[in-house]
Asks: 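After the structure tokens below, expect a handful of questions from me.
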2 protein chains.
Amino acid sequence: MNSKDAVICLAALANDQRLAIFRLLVKAGPSGLSAGEIAEAVGATPTGGSFHLKELDRAGLIHATRVGRYIRYAVHFEKMRQLLSFLTEDCCQGQPELCGSTIRKARRLCKGEAK
Amino acid sequence: MNSKDAVICLAALANDQRLAIFRLLVKAGPSGLSAGEIAEAVGATPTGGSFHLKELDRAGLIHATRVGRYIRYAVHFEKMRQLLSFLTEDCCQGQPELCGSTIRKARRLCKGEAK
DNA sequence: TACACAATACGACAATTATTGAAATGTGCA
DNA sequence: TGCACATTTCAATAATTGTCGTATTGTGTA
């Protein structure tokens, strides 16, 4: 994760509907949800939902898998962990032991996602 | 922290220079840095630096304190923790024990900042 | 093959955000 | 008081982003 990546991720999350989508998928876990379910849940039109999913996908925060005629989206948890770590990197030089260990723990968020 | 707040925070971070500023201040810790030091460190003009600092301040991610003729900015760590928690809320319903406890630990990031 | 449905792609318009330079505000010090 | 410095404010312009409707692609099923 570099600064450019992080900005893309943050911009992807910095939108009402996309944030709702992301949080919905965080809750849904590794199995994800279909584009239609997602759009309906956050009150987006199919076109709008697709646009926002594409943005999140482009940022690498979610990934798509076609299943029959549905496309399921799920959070890319490793990327999420990388983003959180990037934001808190070297937090408070004064207490490096504390911040360092907390970041390592943050990396283990949602062990349900392999890799 | 609600969705609207979070979007404002994320939009504030979704910019190259502002992200650099934020990470610089995360490293600097509770004592922060002056506007001039910050602008110089990230290669911003005084005007540009001021604009970006204002955005981060408006989002509540940093706060300003006048010290003589300098203005020092420091991260509002509690807000940062709230944002990270909001993003990972109810992470992976499948393993609530894991995500829940990890989030509690994330709240303790950088104990150097009281409350 | 032909139809129905899930989802995306495209083009146009509206709205928001970033950048720049010049001017103004506030503070410390001689 | 008056000067020097740190920082912000303002106004204008350029660039990016969101939204909407229509058309298109891809898949499953009769």
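Letters A, B, ... mirror the listed sequences (proteins, then strands); counts begin at 1. In this text, all values refer to a predicted model and were calculated from it rather than measured experimentally.
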Asks: Rounded to the nearest Å, what distance is computed from the OH atom of residue B/Y70 to the P atom of nucleotide D/dA6?
Replies: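 Those two atoms, OH and P, are 5 Å apart.
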Asks: For A/E40 and C/dC5, give me the distance from atom CD to atom C1', rounded to whole Å.
Replies: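 Computing the A/E40:CD to C/dC5:C1' distance gives 15 Å.
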Asks: For residues B/S3 and B/F86, determine if any side-chain heavy atom of one lies less than 4.5 Å from a side-chain heavy atom of the other.
Replies: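 Heavy-atom side-chain distance check passes, below 4.5 Å.
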Asks: Any sub-3.5 Å donor-acceptor pair from B/R23's side-chain atoms to B/R18's backbone N or O?
Replies: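 The answer is no, because no donor-acceptor pair under 3.5 Å joins these two groups.
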Asks: In terms of side-chain heavy atoms of A/R69, which of D/dG28, C/dT8, D/dT8 is nearest?
Replies: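 Selected nucleotide: D/dG28.
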Asks: Could you state the atom-to-atom distance from CD of B/E37 to P of D/dA6 in whole Å?
Replies: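 Nearest whole value for this atom pair: 11 Å.
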Asks: Check the distance between C/dA6's C1' and A/L53's CG and give it to me in whole angstrom.
Replies: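 Checked: the CG to C1' distance equals 13 Å.
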Asks: Rounding to an integer number of Å, can you tell me how far B/I38 CD1 sits from D/dT8 C1'?
Replies: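 Going from B/I38 (CD1) to D/dT8 (C1'), I get 14 Å.
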Asks: What nucleotide, of D/dA6, C/dA7, D/dT8, holds the atom closest to the side chain of B/Y73?
Replies: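 For B/Y73, the side-chain atoms sit closest to D/dT8.
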Asks: For A/R66 and C/dC5, what is the distance between atoms CZ and C1' respectively, to the nearest whole Å?
Replies: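 Value for this atom pair: 11 Å.
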Asks: What verdict does the side chain to side chain contact (heavy atoms under 4.5 Å, CB included) test give for A/N15 and B/L10, after you've listed the backbone C-alpha separation in whole Å, the side-chain angles of each residue and the deciding distance to 0.1 Å?
Replies: CA-CA 8 Å; A/N15 170 280; B/L10 291 163; over 6 Å; no
Asks: Kindly say if A/S34 contacts the phosphate of C/dA7, meaning a side-chain N or O under 4.0 Å from OP1 or OP2.
Replies: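 True: A/S34 side-chain N/O within range (under 4.0 Å) of C/dA7 OP1/OP2.
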Asks: Evaluate the criterion side-chain hydrogen bond (donor to acceptor under 3.5 Å, both in side chains) for residue pair A/E37 and A/S34; output intermediate values, then yes/no.
Replies: CA-CA 5 Å; A/E37 293 172 309; A/S34 72; 3.2 Å; yes
Asks: Do A/M1 and B/F22 belong to the same hydrophobic cluster, where Ile, Leu, Val, Met, Phe, Trp and Tyr are linked whenever their side-chain heavy atoms lie under 4.5 Å apart, directly or via other members?
Replies: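 Yes.
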Asks: Can you give one letter per nucleotide of nucleotides 16-22 of chain C, 5' to 3': B if a protein heavy atom sits under 4.0 Å from the base, S if only from the sugar-phosphate, - if neither?
Replies: --SBBBB
Asks: Heavy atoms only: give me the nearest A/A59-A/K79 pair and the separation to one decimal.
Replies: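 Scanning both residues completely, I find the closest heavy atoms to be O-CE, 3.3 Å.
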Asks: Can you check whether B/I71 reaches B/T65 side chain to side chain, under 4.5 Å on heavy atoms?
Replies: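 Result no, sub-4.5 Å side-chain heavy-atom pair not found.
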Asks: How many Å lie between CZ on B/R72 and P on C/dT27, as a whole number?
Replies: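 One finds 17 Å between P of C/dT27 and CZ of B/R72, rounded.
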Asks: Once you round it to whole Å, what is the distance between P of D/dG18 and NZ of A/K54?
Replies: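 Roughly 11 Å, once rounded to whole Å.
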